[in-house]
Novice: 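Below is the structure I would like to discuss, written out as structure tokens.
Lettering of chains follows the sequences in order, A, B, ..., and the numbering in each one begins at 1.
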Protein chains: 2
Amino acid sequence: MTSKKDLILETALKLFAQNGFSATSTSKIAKAAGVSEGLIFRHFENKEGLLHAILEMGRIKGMALFEGVTNFQKPEDQLKYILQIPFNIRKDELPFWKLLYALKWQSDNYDEEPSNQLKPIVIAIFSQLEYPKPELEAEFVLMLFDGMATAVLLKKIKKSKAIEDLILNKYNIHD
Amino acid sequence: MTSKKDLILETALKLFAQNGFSATSTSKIAKAAGVSEGLIFRHFENKEGLLHAILEMGRIKGMALFEGVTNFQKPEDQLKYILQIPFNIRKDELPFWKLLYALKWQSDNYDEEPSNQLKPIVIAIFSQLEYPKPELEAEFVLMLFDGMATAVLLKKIKKSKAIEDLILNKYNIHD
DNA sequence: TACATTTGTAAGTGATTACTCACTTTTTTA
DNA sequence: TAAAAAAGTGAGTAATCACTTACAAATGTA
């Protein structure tokens, strides 16, 4: 049985991802979750607190994703894993990632972008692969990563697998 | 002398880009522009109308940018021109592009994304360059384009010129 | 069981929201 | 120059905003 606190969290996440933070009122969240509006403030102090709870909840889930790279030894496999991340986002976690990517366009406060955590990892990979300028190549990959994630989250992609293969080919990684 | 209508337009653009559409009230716009709030509604009917006027104003400015590709004959030069667009955004047009990119995360209504207009052009280029799968390669370039634009608009880029050269090199285009 | 704590609600609060209206000032046109 | 049209204002409007408060129900603990 999910507690009402979790119910509020999940409902708010969906609505924030769908309509944006500012455009989603606490009364709408309460109504959608089937709880009284006051309960939101009992559990989360204020609307910002609710957002931070969602972000924290998701950040932990997200960390695990990036740590998955340690399952691979060879830098080629690690790079492959990272490049495939955007295409392997779980459907039920889509709202969270959409919210995260949308938030970075609103004020600088919410810039917990995946790329930030990912950067040192990617630099290390290109160093091992003996690229002449690992930092630069990493910056490029993260830009590409952003573009891929955007395409997936906004459902702009038709042949997901074909695009995935094309990208892997560019770095000479194959299935 | 700029008319008060244009003044409202420019002020709203800045505020929308800075804080988002929903988080920017008409009263704030009026105050920032130094006009009465009622004037906004005389000129633009409602808040949505104001947004649409901004989008239309910018769309025309943006079209010119994409048509610049016709100044080049060789497909290599055309591709180079397109890949450089995100790095050549004029400072005074930054708020507009930021707003445009932010809006596509809020509801599907505002998806006048640059990529959409750019896609057929890029496909044509890769066809001329005799790439085996022009549509796929175009889709890739547009994803990359999105990532580049995001990096530039959110000021996540340090060595802009270095990154620019790296990308051009990947497509065997040099200065 | 008794009492303390947590969880939950309903009805508020003042402030702010998008928008309207009655009116004046400025500009255009005949 | 006189009338018409357009531009602009300031004080409203009801609705909604984030948030509070007083109180009741449920739960934990001795």
Novice: Can you tell me which residue pairs pass the side chain to side chain donor-acceptor pair (under 3.5 Å) test with a partner in residues 128-138 of chain B, sequence neighbours excluded?
Specialist: A:Lys170-B:Glu137, B:Glu137-B:Tyr171

Novice: By side-chain hydrogen bond (donor to acceptor under 3.5 Å, both in side chains), which residues pair with B:Asn169, not counting sequence neighbours?
Specialist: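 Residues passing side-chain hydrogen bond (donor to acceptor under 3.5 Å, both in side chains) with B:Asn169: B:His174.
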
Novice: Can you check whether B:Leu55 reaches B:Leu100 side chain to side chain, under 4.5 Å on heavy atoms?
Specialist: yes

Novice: Same cluster for B:Met63 and B:Met57 if Ile/Leu/Val/Met/Phe/Trp/Tyr side chains link at under 4.5 Å?
Specialist: no

Novice: For residues 4-33 of chain B, which residue pairs qualify under salt bridge (charged side-chain N to carboxylate O under 4.0 Å, His left out), counting only residues two or more places apart or in two chains?
Specialist: none

Novice: Do the side chains of B:Leu153 and B:Ile89 get nearer than 4.5 Å, heavy atoms only?
Specialist: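 Side chain of B:Ile89 against side chain of B:Leu153, heavy atoms only: contact under 4.5 Å found.
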
Novice: With side chains defined as the heavy atoms from C-beta onward, is the minimum distance between A:Lys47 and A:Phe21 less than 4.5 Å?
Specialist: yes

Novice: B:Phe44 versus B:Leu9: any side-chain heavy-atom pair under 4.5 Å?
Specialist: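 When only atoms from C-beta onward are counted, B:Leu9 and B:Phe44 do touch, with a gap below 4.5 Å.
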
Novice: Tell me, do A:Leu7 and A:Val35 make a side-chain contact under 4.5 Å, heavy atoms counted?
Specialist: no

Novice: Can you check side-chain hydrogen bond (donor to acceptor under 3.5 Å, both in side chains) on A:Ser27 and A:Glu37, steps first, answer last?
Specialist: CA-CA 6 Å; A:Ser27 86; A:Glu37 195 178 352; 5.1 Å; no

Novice: Going through the distances and angles, do B:Ile163 and B:Phe87 end up as a side chain to side chain contact (heavy atoms under 4.5 Å, CB included)?
Specialist: CA-CA 10 Å; B:Ile163 275 279; B:Phe87 301 103; 3.7 Å; yes

Novice: Could I get the full list of side-chain contact (heavy atoms from CB on, under 4.5 Å) partners for B:Glu93, not counting sequence neighbours?
Specialist: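 Only B:Lys61, B:Arg90, B:Trp97 meet the side-chain contact (heavy atoms from CB on, under 4.5 Å) criterion with B:Glu93.
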
Novice: Could you identify which residues of residues 18-26 of chain B place a heavy atom less than 4.0 Å from some atom of DNA chain C, listed by residue number, or say none?
Specialist: B:Thr24, B:Ser25, B:Thr26

Novice: Quick check: do A:Ile82 and A:Ile125 have side-chain heavy atoms less than 4.5 Å from each other?
Specialist: yes

Novice: Per the salt bridge (charged side-chain N to carboxylate O under 4.0 Å, His left out) rule, what does the pair list look like for residues 141-155 of chain B, sequence neighbours excluded?
Specialist: B:Lys104-B:Asp146

Novice: Have a look at the helix from C:dT1-D:dA30 to C:dA30-D:dT1 and give the angle its two end axes make, five pairs each, rounded to 10 degrees.
Specialist: 20°

Novice: Going by heavy atoms in the side chains, are B:Asn71 and B:Gln78 under 4.5 Å from each other?
Specialist: no

Novice: First and last nucleotide of DNA chain D in contact with chain A, 5' to 3', at under 4.0 Å to a heavy atom: what are they?
Specialist: D:dC17 to D:dA22

Novice: Would you grab the first and last nucleotide of DNA chain C (5' to 3') that comes under 4.0 Å of any non-hydrogen atom in chain A?
Specialist: C:dT7 to C:dT9

Novice: May I ask you to list the residues of residues 9-16 of chain B, by number, that have any heavy atom positioned under 4.0 Å from an atom of DNA chain D?
Specialist: none

Novice: Tell me whether B:Ile123 shares a hydrophobic cluster with B:Phe145, the cluster being built from Ile, Leu, Val, Met, Phe, Trp, Tyr side chains joined at under 4.5 Å.
Specialist: no

Novice: Looking at every strand, decide which applies to A:Lys5 at a 4.0 Å heavy-atom threshold: base, sugar-phosphate, or nothing.
Specialist: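 Since no nucleic acid heavy atom lies under 4.0 Å of A:Lys5, the category is nothing.
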
Novice: List the residues meeting ring-ring contact (aromatic ring centres under 6.0 Å, His included) with B:Tyr81, not counting sequence neighbours, and say none if there are none.
Specialist: B:Phe72

Novice: Does anything in residues 28-41 of chain B reach DNA chain D, meaning a heavy atom under 4.0 Å, and if so which residues?
Specialist: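 The stretch gives B:Val35, B:Ser36, B:Gly38, B:Leu39 as the residues lying under 4.0 Å from the strand, ordered by number.
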
